[in-house]
Amino acid sequence: MDQASGLRGEGMGSHAENRRIHLPRVISITSGKGGVGKTNVSANMAYIMATRFGLRVLVLDADLGLGNMDVLFNIRPKYTLQDVLMGDRSLPEILVRGPGGILILPAASGVEEMTSLSRDQNLRLLEEFENLSSDLDVLLIDTGAGISENVLTFNLASRETIVVVTPEPTSRTDAFALMKVLFRRQADKPFLFLANMVRDRQEGVALFDLVSRVADSYLPGLSLSFAGHLPADPSLTQAVRAQKAIAEMLPGAPFSKGMEGVVRSLLSRPPKSGGEGGIGLWMKRLAGAGLETP
Ligand SMILES: Nc1ncnc2c1ncn2[C@@H]1O[C@H](COP(=O)(O)OP(=O)(O)OP(=O)(O)O)[C@@H](O)[C@H]1O
Ligand SMILES: [Mg+2]
């Protein structure tokens, strides 16, 4: 896969006339416990948004651990965010075009610095992200797991946060712990609950009810809504091994179908208007963690 040469390539810009979303939606995909499906959710959500709904999507791999998105999509980017922070490349120059025309921002190296930029780096990156905004409908951020400062910052900066939870008890309790920390820092932050690796919708809803009840008792006022469920699907392993998004390789698989439903419902419920949104504000909030405003 080639490093994308600018944003105006094939498939980009063609939706400018009939855009359904004016400010890009900024959605972080997160979890308390690791290994619950965030990267597969991010990749397939991006693919479905792009191919079935015609949206222009950028995925930011914000997991500091071993590369995720690049392995999943079998891409070897020449440049990363680090090159942008050093001033050697512009943001559009480092973007990689993935399947379905989605854009991937290779950030495994450089992403940690995003939350502690110098003023110059911050202003440059802010400008670059703002320039990118008009060419995007959605920015999806695949975060790391847990409650490290970096994960918290990416989630607090994003207007919408999807918490991926599986039926494993530790996934539930760790999701609760993560939401607790975020809620303490930003009480009006809404959370979207995505049940993964469940048998059926009923199990997904039961999982949601369980976590909601605990949240109601211990964190009154926390806003948590059900974003849908994704079935445990053995064929996902095949796609992961083939280094492809399952929605591309096996569009009829239960996970792919489930994801289509999740995306449809997400798109039918845009975040409440009134508050500011978009990438510019996201970037300001992100950098605000490590910077005093001028
Ligand atoms: N619905 C599902 N059905 C079957 N297997 C799944 C499902 N969701 C995720 N998996 C499997 O779980 C494993 C972890 O998935 P993934 O890498 O997406 O998780 P992650 O939350 O991004 O992990 P990490 O925290 O390490 O970044 C993968 O092997 C994936 O195939
Ligand atoms: Mg991951």
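When a residue number appears, it is its place in the shown sequence, counting from 1. Predicted model, so just to flag it, every value in this text is computed and none were measured. Each ligand, and each atom within it, is numbered from 1 in the order the structure gives.
Connection of L210 to F183 is not established within any shared hydrophobic cluster, with ILVMFWY side chains joined at heavy-atom distances below 4.5 Å, either directly or through further cluster members.
Interface atoms of ligand 1 facing P231, defined by a heavy-atom separation under 4.0 Å, are 1 (N), 2 (C), 3 (N). Within ligand 1, the atoms closer than 4.0 Å to a non-hydrogen atom of V240 are 31 (O), numbered from 1 in the order shown. Every atom of ligand 1 is numbered from 1 in the order shown, and the set under 4.0 Å from a heavy atom of F255 is 1 (N). The contact set between ligand 1 and K38, taken as ligand atoms under 4.0 Å from a residue heavy atom, comprises 18 (O), 19 (O), 20 (P), 21 (O), 22 (O), 23 (O), 24 (P), 25 (O), 27 (O). Near G34, meaning under 4.0 Å from one of its heavy atoms, ligand 1 places the atoms 25 (O).
Using a 4.0 Å cut-off between charged nitrogen and carboxylate oxygen, E168 and R172 do not count as a salt-bridge pair. In summary, R52 and E248 do not engage in a salt bridge, as defined by a charged side-chain N under 4.0 Å from a carboxylate O.
Taking the side chain as every heavy atom from C-beta outward, V57 and L136 never approach each other to under 4.5 Å.
At the top of the distance list for atom 19 (O) of ligand 1, counting protein heavy atoms only, stands G37 N, 2.9 Å. Shortest contact from atom 8 (N) of ligand 1 to any protein heavy atom: N196 ND2, 2.9 Å. Of all protein heavy atoms, the one lying nearest to atom 24 (P) of ligand 1 is G35 N, 3.5 Å. Counting protein heavy atoms only, atom 18 (O) of ligand 1 is closest to N40 ND2, 2.8 Å. Of the protein's non-hydrogen atoms, M197 CG, 3.5 Å is the one closest to atom 2 (C) of ligand 1. Counting only heavy atoms of the protein, atom 27 (O) of ligand 1 lies nearest to D63 OD2, 3.2 Å. Looking from atom 3 (N) of ligand 1 to the surrounding protein, the closest heavy atom is D233 N, 2.9 Å. Protein heavy atom in closest approach to atom 6 (C) of ligand 1: L236 CD2, 3.3 Å.
Remark: ligand 1 and P234 share no N or O pair separated by less than 3.5 Å (distance only, no angle test). Taking distance alone, with nitrogen or oxygen atoms compared against 3.5 Å, K33 stays at or beyond that limit from ligand 1.
Formation of a donor-acceptor pair under 3.5 Å by the S223 side chain with backbone atoms of P190 is not found in this model.
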Handout entry: Working for side chain to side chain donor-acceptor pair (under 3.5 Å), residues S31 and K38
Key = CA-CA 7 Å; S31 69; K38 294 178 298 299; 3.0 Å; yes
Exercise for the section: With side-chain contact (heavy atoms from CB on, under 4.5 Å) as the test, would you mind laying out the steps for V36 and N196 before giving the verdict? Expected result: CA-CA 7 Å; V36 297; N196 187 23; 5.5 Å; no
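Each of T161, T143, D142 was compared with T30 under the side chain to side chain donor-acceptor pair (under 3.5 Å) criterion, and only T143 meets it.
Contact annotation: T39 places an N, O or S atom under 2.8 Å from the Mg ion (ligand 2).
Residue M197 comes nearest to G35 through the heavy atom pair CE-O, 4.0 Å, listed as atom of the first residue, atom of the second, then distance. For the pair S256 and I48, the tightest heavy-atom approach, listed with the atom from each and the gap, is O-CD1, 3.6 Å.
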